[in-house]
Amino acid sequence: MMECAVVGKFFSPIFSSSRSVVVEKRKLPSLHKKIKFCSSKFKMKATQAETHLSQEAELQAEKRGSSTGVGVGELIWPSPSDGTPFWKKDFPSSGVSPEVPADVKDSDPKHIIHVTAEMAPIAKVGGLGDVVTGLARACLSRGHTVDIMLPFYECIQKQHIKDLTVITKYNSYHDGNWVPTNAYRGVVSGIPVIFIEPSNQFFKGQYVYGGSFNELEAYLFFSRACLEWMQVTSTQPDIIHVHEWQTGALPLLYWDIYHHLSLKPRIVLTIHNMEHYGECSKEQLSKSGLEGSVYASIDKAIDDRTIGHNPERLSLLKGGIVYSNAVVTVSPTYLKETLCTGWLASTLVRNRDKYFGILNGIDTTMWNPATDIFLPVKFNDQKPEGKKFCKYYVQRGLGLASEGTQDGNHVPDITYKAPLVVCITRLVPQKGLHLISHAIKRIEELGGQMVILGKASDAQVATEFECLAKLHNQGPCIRILLMFSEELSHLLYAAADMVLVPSIYEPCGLTQMIGMRYGAVPVVRKTGGLADTVFDMDDQSNHNRANGFVFEGIDEGSLICALDRAFTYYREKPDEWNGILKKVMEVDNSWNNTAGKYVELYNSKSVRL
Ligand code: ADP
């Protein structure tokens, strides 16, 4: 089993005197009976009974609707000059009957605690947040008890948390001190969450990442504070599920310290992106109470590339891989890629027997065009008409050309043949920045429209895209919106004819799956999870699964070829295009499909032993 390092500061005299704790009665809501969205923005409901609209509501929606029968009669079409941006409204969740969620119950319910830096929608930067929320919800509905432990970031909007209460006041160790810490319990989007709030400056600031504190130390603190909370409250989950480098130290802390106290769970690590590996010095790791130098060996946490350098460095992600009972990455193809390339490959090969590839799902409660409160008109694969109105709504709101509007007539001309391509992404090199900017040019040449919704953390990338925005945003066909907006992303998926994902590498990718559910045909580069979820229309050998347009090269020519083919289908083969549209909306990329694989893993011998 796991080797233990020297226990370091854990046994210092300060420990016993400072481990003071006030534990308030822990309220466990009855988790799997009812799951309700509770924030004002996320009012959707997920119980089987509640997800069905009443017949009365449907009738009203039909009455309100125009001759299209999709409820657009009372819509006020937006414009770029509106005081409030058009995506800042929400609409009643009615108009199309939502699907019935799968009703699978597992025979051996477990208690799973996710320890994570992100959770959608309250602390979401990218796919990690979506995945944690979606997997947690799927496991709750299968009968498991699930909690999410999250730093109480200052930027979290408290109105999205239901029943927020302090449940524990305790101290957690960091850098020679025991830091007074509060644990809160609340419910977010129907899921129980425990928020960890240290009394120091960690997690302060306007954003999830990039505050003025030392991020590495903050997550080291958080990893330990979660275990400390379990220890002082005698919480004994079956599984602690950690994610990414931010919680990579938790397995080390667990086997080195907490397993010797009272905790008995097993640890599962999901790696969502191998690029971020949590570079850490021995001294920094020691601040968590571990003895950093003990982990500086090739079979533990040393960053292999730094061996023999002065100073050598550690990697929290590598430590997490070595010290977890099972390691998952987010698609089968990314699993293969990571076993062959990158400096972590040798560690993954050494740990191959506990390394698994499980494709992410999407949270179909959150991402459901039939109930989505951000959409002015709902739709689904059975009633797709509403999608055209969403496209028109977005075109009007962004001031994009939309034929049939010049005479003030608010009925969209749905025959307007400019396909709308969206790209919703973090603007980082991984996402194929040069291909994204080249797509703008090509789509304009082809007479299409493109909207990019993206946020850059790097100043140079931000400047480049700001220049592109200045160049294009006054014209009729391109919009580059440099921000993060959950609301607008929903509207864009609903409006889009195509979703572009030209990533250089992509562990799983959610935007192609969300796009499909909202009737946007994916145009993607063949890598990682994109290769597992999108299959080319012109690949005769795989016609049954064909659902999009795929290119392989990282050059502009490869991208152009795929875009050109997609535009040809859209414009010249309407029947086939409608066929693809129906097909992508019918694909089941939900967690119903893949959460069971995680449950199997939680139950497997490799985890339980
Ligand atoms: P990654 O995790 O690498 O960012 P994924 O495709 O797995 O990529 O997940 C991206 C998630 O973040 C999707 O839910 C997508 O809609 C969302 N997203 C990315 N950029 C933005 C943005 N600028 N505004 C709103 N949502 C965004």
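In each ligand, atom 1 is the first atom listed, and ligand 1 is the first ligand listed.
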Item to check | Proximity to ligand 1 by part of S485, non-hydrogen separation under 4.0 Å | outcome: backbone
Checklist entry - Going through the distances and angles, do K124 and E486 end up as a salt bridge (Lys or Arg N to Asp or Glu O under 4.0 Å)? => result CA-CA 9 Å; K124 167 175 163 178; E486 184 72 19; 3.1 Å; yes
Checklist entry - Is the shortest N/O to N/O distance between R426 and ligand 1 below 3.5 Å? => result yes
Checklist entry - What is the closest protein heavy atom to atom 18 (N) of ligand 1, and at what distance does it sit? => result I424 CG2, 3.9 Å
Next on the checklist: Geometry only, no angles: is N273 polar-contacting ligand 1 at N/O separations under 3.5 Å?
Outcome noted: no
Checklist entry - So is there a nitrogen or oxygen of M483 less than 3.5 Å from a nitrogen or oxygen in ligand 1? => result yes
Checklist outcome for this item: Contact region, D130 to ligand 1, non-hydrogen atoms below 4.0 Å, reads side chain
Item to check | For T329 against I271, the heavy-atom pair lying closest together | outcome: OG1-O, 2.8 Å
Next on the checklist: If only side-chain N and O atoms count, and only distance matters, is there a donor-acceptor pair under 3.5 Å linking Y598 with T270?
Outcome noted: yes
Checklist entry - Taking the non-hydrogen atoms of G454, is any one of them nearer than 4.0 angstrom to ligand 1? => result yes
Checklist entry - Is it the case that more than 12 heavy atoms not belonging to I554 sit under 6.0 Å from its CD1 atom? => result no
Checklist entry - Considering only heavy atoms of Y493, which atoms of ligand 1 have at least one such atom less than 4.0 Å away? => result 15 (C), 16 (O)
Checklist entry - Just by distance, with hydrogens left out, do D363 and T133 show a side-chain donor and acceptor under 3.5 Å apart? => result no
Checklist entry - So is there a nitrogen or oxygen of L510 less than 3.5 Å from a nitrogen or oxygen in ligand 1? => result yes
Checklist entry - Is there any N or O on G127 that sits under 3.5 Å from an N or O of ligand 1? => result yes
Next on the checklist: Once salt bridge (Lys or Arg N to Asp or Glu O under 4.0 Å) is applied, do any residues pair with K204, and if so which ones, sequence neighbours excluded?
Outcome noted: none
Checklist outcome for this item: Within the 4.0 Å heavy-atom cut-off, what I514 brings close to ligand 1 is side chain
Next on the checklist: Evaluate D536 against K526 for salt bridge (Lys or Arg N to Asp or Glu O under 4.0 Å), listing each step before the verdict.
Outcome noted: CA-CA 10 Å; D536 196 274; K526 189 173 184 177; over 6 Å; no
Checklist entry - Can you find a non-hydrogen atom of K431 under 4.0 Å from ligand 1? => result yes
Next on the checklist: Considering V330, T425, L453 one by one, which has a heavy atom nearer to atom 19 (C) of ligand 1 than any of the others?
Outcome noted: T425
Checklist entry - Nearest protein heavy-atom contact for atom 26 (N) of ligand 1: which residue, which atom, what distance? => result F484 CE1, 3.4 Å
Item to check | Exercise: identify the closest heavy-atom pair between I148 and A136 | outcome: CD1-CB, 3.9 Å
Checklist entry - Who passes side-chain hydrogen bond (donor to acceptor under 3.5 Å, both in side chains) against H272, sequence neighbours left out? => result H243
